[in-house]
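Right, one structure below, let's go through it.
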Amino acid sequence: MRRPLVAGNWKMHGSRAGVAELIMGLRELALPADVEVAVFPPYVYLAKVVEELGRVAVGVGAQDCAIEPQQGALTGEIAACQLQDVGCSMVLVGHSERRLLLGESDDWVVRKFAAAQACSLTPVLCVGETLEQREAGKTLEVVGRQLAGVVDALGVEVFARAVVAYEPVWAIGTGLTASPEQAQEVHAAIRAQLADKSAEVASGVRILYGGSVKAANAAELFGMPDIDGGLVGGASLNADEFGAICRAAGN
Ligand code: PGA
């Protein structure tokens, strides 16, 4: 069985004081043992969060990494191996805010995915359609293309050590959530696309849903057969709310 994963994407939020407070809240949570929990703070707080949360079995990941795995001359970037060095175990790649606002291409997403795995980090590949694409009936085509970018370049086997996050762009930070049925349809399509190449990889890979997940809608979403947890933005900034979402992914 796939172990559910709830991942908190803090995005560009936080201050030293705010992060300390959030860490304190997270340490006090009773987290379900059958759920893997991880948080993705901004780079500058990573080492601190690793240090403080290591003991409570909350994984720590970064929100992005450079296209080159090793350290080198690339001003402003952070290498996957540096993330691994400070204690990260995961990294988001291809978040829609990076694809759409920073012009990150499918090619770069592939390189970042490969860089992460080269440094023993688990990449969390984010895919998802815009509202325009959904309204044009192109959801499965767009998501399928984003997934195929990685599968074609690196092979399906890389998904034995990766996570996929389906995040409809129109649901991110908007308060609009995909219905459990809408999300399940896309999750099933992602799994089927992987199963075309390897049934074993497809049945083992965890596919998270992201987009305005909160305590009030988490259980319904996580109850769908192909939804294996969530990538949570805004609601992960409140420890109690995040804890409730983690518990909703349990049993
Ligand atoms: P949200 O963000 O939960 O605030 O919608 C999710 C994400 O972008 O990862």
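Since the model is a prediction, treat every value here as computed from it, not as a measurement. Read the numbers this way: they start at 1 and go in the same order the structure lists the ligands and their atoms.
Under 4.0 Å is where a charged nitrogen must lie from a carboxylate oxygen, and between Lys112 and Asp64 at least one such pair does. Electrostatic pairing of Arg111 and Glu68 counts as a salt bridge here, judged by a charged N lying under 4.0 Å from a carboxylate O. A salt bridge does not link Arg99 to Glu104: none of the charged nitrogens lies less than 4.0 Å from a carboxylate oxygen.
Residue contact check for ligand 1: Ala165 places no non-hydrogen atom closer than 4.0 Å to it. Under a 4.0 Å heavy-atom criterion, Lys214 is not in contact with ligand 1. Remark: distances from the non-hydrogen atoms of Gly173 to ligand 1 include one below 4.0 Å. Using a 4.0 Å heavy-atom cutoff, Gly211 is listed among the residues neighbouring ligand 1.
Scanning the protein heavy atoms around atom 2 (O) of ligand 1, the nearest turns out to be Lys11 NZ, 3.2 Å. With hydrogens left out, the protein atom closest to atom 7 (C) of ligand 1 is Glu167 OE2, 3.0 Å, a heavy atom.
Looking at heavy atoms from C-beta onward, Gln133 lies out of side-chain contact with Glu141 at the 4.5 angstrom threshold. Side-chain contact check for Val60 versus Pro41: some heavy-atom pair is nearer than 4.5 Å. Taking 4.5 Å as the limit, every side-chain heavy atom of Leu231 sits out of range of all side-chain heavy atoms of Val213.
In summary, the atoms of ligand 1 found under 4.0 Å from a heavy atom of Ser212, numbered by their order in the structure, are 1 (P), 3 (O), 5 (O). Heavy-atom proximity to His95, at under 4.0 Å, picks out these atoms of ligand 1: 7 (C), 8 (O), 9 (O). For ligand 1, the atoms lying closer than 4.0 Å to a non-hydrogen atom of Gly234 are 1 (P), 3 (O), 4 (O). Close contacts between ligand 1 and Ala171 involve ligand atoms 5 (O) [criterion: under 4.0 Å to a heavy atom].
Between Phe113 and Phe159, the distance from one ring center to the other falls under 6.0 angstrom.
Using a 4.0 Å cut-off between heavy atoms, Asn9 contacts ligand 1 through its side chain alone, with no backbone atom that close.
Under the 3.5 Å distance criterion, with hydrogens and angles disregarded, a donor-acceptor pair is assigned to the side chains of Glu167 and His95.
Between Gly233 and ligand 1, at least one pair of N/O atoms sits closer than 3.5 Å.
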